[in-house]
*Asks:* 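What follows is a structure written as structure tokens; I'll ask about it next.
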Amino acid sequence: MLKPKFRAILLLVFLFATTISFGQEKAPLKQFEYNISLNKLKTEAQAEQIKDAVSLLPGVKDCELILIEYNLHFECSNHDMTANQVMDKVKTVILQNGSEIVKIKRTEINE
């Protein structure tokens, strides 16, 4: 059996650890608009593949790719961005389709 002092210390450590893990605050929900400038877009089919793949990602809304402007546009919340690792997946889709990112601009949407 455990000694009473050791049990008390173990209980305090457990309570402290539990308090810390449940005391974490979540960031307030914010909606962001992303505009990603692209390079090496050669065909409309390439642009469609990128747009279709990004629009299927969980949390992505209003995705469009304007080929003549070389601009990918979509909206996503900060919670979806973190939980679903959206930006990592967007970068992967862009690179796998033979394009590259020039600039990423993020703007908060005030509702």
Side-chain angles (χ1 to χ4, degrees):
M1 280 310 281
L2 297 173
K3 293 184 180 182
K5 263 187 174 180
F6 184 69
R7 264 194 287 182
I9 291 172
L10 192 60
L11 179 63
L12 287 174
V13 168
F14 177 74
L15 288 174
F16 180 71
T18 306
T19 304
I20 289 174
S21 66
F22 289 115
Q24 297 287 328
E25 287 187 37
K26 219 175 180 184
L29 182 65
K30 293 181 181 179
Q31 200 67 18
F32 291 99
E33 176 181 88
Y34 290 87
N35 284 301
I36 302 176
S37 300
L38 301 175
N39 196 5
K40 295 187 178 179
L41 278 177
K42 295 181 177 116
T43 65
E44 192 170 332
Q46 180 188 23
E48 281 297 316
Q49 288 174 340
I50 292 171
K51 181 187 135 331
D52 291 344
V54 171
S55 63
L56 292 175
L57 295 174
V60 171
K61 299 174 193 148
D62 300 328
C63 181
E64 62 180 336
L65 196 152
I66 302 168
L67 184 58
I68 59 173
E69 294 177 8
Y70 286 65
N71 190 19
L72 175 67
H73 167 85
F74 63 91
E75 295 178 8
C76 192
S77 75
N78 57 334
H79 292 192
D80 288 328
M81 192 60 71
T82 304
N84 301 321
Q85 298 176 334
V86 172
M87 193 52 71
D88 290 337
K89 293 176 182 176
V90 168
K91 289 176 183 178
T92 302
V93 166
I94 291 169
L95 292 174
Q96 285 178 343
N97 284 286
S99 188
E100 61 185 26
I101 297 172
V102 176
K103 184 178 176 183
I104 299 174
K105 180 181 175 191
R106 181 182 82 170
T107 309
E108 185 176 349
I109 300 172
N110 296 323
E111 295 179 359

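In what follows, residues are counted from 1 in the order of the sequence shown. Because the structure is predicted, anything quoted here is derived from the model rather than measured.
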*Asks:* I need the Glu75 CD to Tyr34 OH distance, nearest 0.5 Å.
*Replies:*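 That separation rounds to 11.0 Å.
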
*Asks:* Just verifying a value: how many Å separate Glu64 CD and Ser55 OG, rounded to the nearest 0.5 Å?
*Replies:*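 Interatomic distance, Glu64 CD to Ser55 OG, rounded to 0.5 Å: 11.5 Å.
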
*Asks:* Taking atom NZ of Lys61 and atom SG of Cys76, what is their separation to the nearest 0.5 Å?
*Replies:*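 One gets 7.5 Å once the value is rounded to the nearest 0.5 Å.
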
*Asks:* Heavy-atom distance under 4.5 Å between the side chains of Gln46 and Leu65, does that happen here?
*Replies:*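 Heavy-atom side-chain distance check fails, nothing below 4.5 Å.
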
*Asks:* Counting heavy atoms not belonging to Leu29, are there more than 12 under 6.0 Å from its CG?
*Replies:*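 Correct, the count exceeds 12.
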
*Asks:* Quick check for you: to the nearest 0.5 Å, what is the distance between Lys42 atom NZ and Leu67 atom CG?
*Replies:*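 That separation rounds to 12.5 Å.
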
*Asks:* Group every Ile, Leu, Val, Met, Phe, Trp and Tyr by side-chain heavy-atom contacts under 4.5 Å, then state whether Ile101 and Val60 land in the same group.
*Replies:*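 Yes: a chain of side-chain contacts under 4.5 Å links Ile101 to Val60.
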
*Asks:* In the single-linkage hydrophobic clustering (I, L, V, M, F, W, Y; side-chain heavy atoms under 4.5 Å), do Leu95 and Leu38 co-cluster?
*Replies:*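 No; Leu38 is not reachable from Leu95 via cluster members.
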
*Asks:* At their closest point, which heavy atom of Val54 faces which heavy atom of Val93, and how far apart are they?
*Replies:*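 Closest approach of Val54 to Val93: CG2-CG1, 4.0 Å.
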
*Asks:* Hey, does the side chain of Asn78 reach the backbone of Pro28 with a donor-acceptor pair shorter than 3.5 angstrom?
*Replies:*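 Side chain of Asn78 to backbone of Pro28: a pair is present.
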
*Asks:* Of all residues at least two apart in sequence or in a different chain, which pass the side-chain hydrogen bond (donor to acceptor under 3.5 Å, both in side chains) check with Glu100?
*Replies:*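 side-chain hydrogen bond (donor to acceptor under 3.5 Å, both in side chains) check on Glu100 returns Asn39.
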
*Asks:* Rounded to the nearest 0.5 Å, how far does CD of Glu44 lie from CD1 of Ile68?
*Replies:*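 Nearest 0.5 Å value for the CD1-CD distance: 11.0 Å.
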
*Asks:* Assess whether side-chain contact (heavy atoms from CB on, under 4.5 Å) is satisfied between Cys63 and Leu56, documenting all intermediate values.
*Replies:* CA-CA 9 Å; Cys63 181; Leu56 292 175; over 6 Å; no

*Asks:* From the options Asp80, Ile109, Thr107, select the one residue that forms a side-chain contact (heavy atoms from CB on, under 4.5 Å) with Gln31.
*Replies:*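 Answer after filtering Asp80, Ile109, Thr107: Ile109.
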
*Asks:* Which pair of non-hydrogen atoms, one from Asn84 and one from Gly59, has the smallest distance, and what is that distance?
*Replies:*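 It is ND2-N, 4.3 Å.
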
*Asks:* A side-chain contact here means heavy atoms from C-beta on lying under 4.5 Å apart; do Phe74 and Ile36 qualify?
*Replies:*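 Result yes, sub-4.5 Å side-chain heavy-atom pair found.
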
*Asks:* Which distance, rounded to the nearest 0.5 Å, do you find between the NZ of Lys30 and the CE of Met81?
*Replies:*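 It comes to 14.0 Å.
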
*Asks:* Taking only residues two or more places apart in sequence or in another chain, which ones pass side chain to side chain contact (heavy atoms under 4.5 Å, CB included) with Gln85?
*Replies:*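 Asp88.
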
*Asks:* Return yes when atom CD of Glu108 has more than 12 non-hydrogen atoms of other residues, nucleotides or ligands closer than 6.0 Å, and no otherwise.
*Replies:*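 Yes.
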
*Asks:* Keeping the roles fixed (side chain from Tyr70, backbone from Leu41), state whether a donor-acceptor pair exists under 3.5 Å.
*Replies:*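 Yes; judged by distance alone, with no hydrogens or angles, the pair exists.
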
*Asks:* Tell me whether Glu33 contacts the main-chain N or O of His73 through its side chain, where contact means a donor paired with an acceptor under 3.5 Å.
*Replies:*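 Looks like no, no N/O pair under 3.5 Å.
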
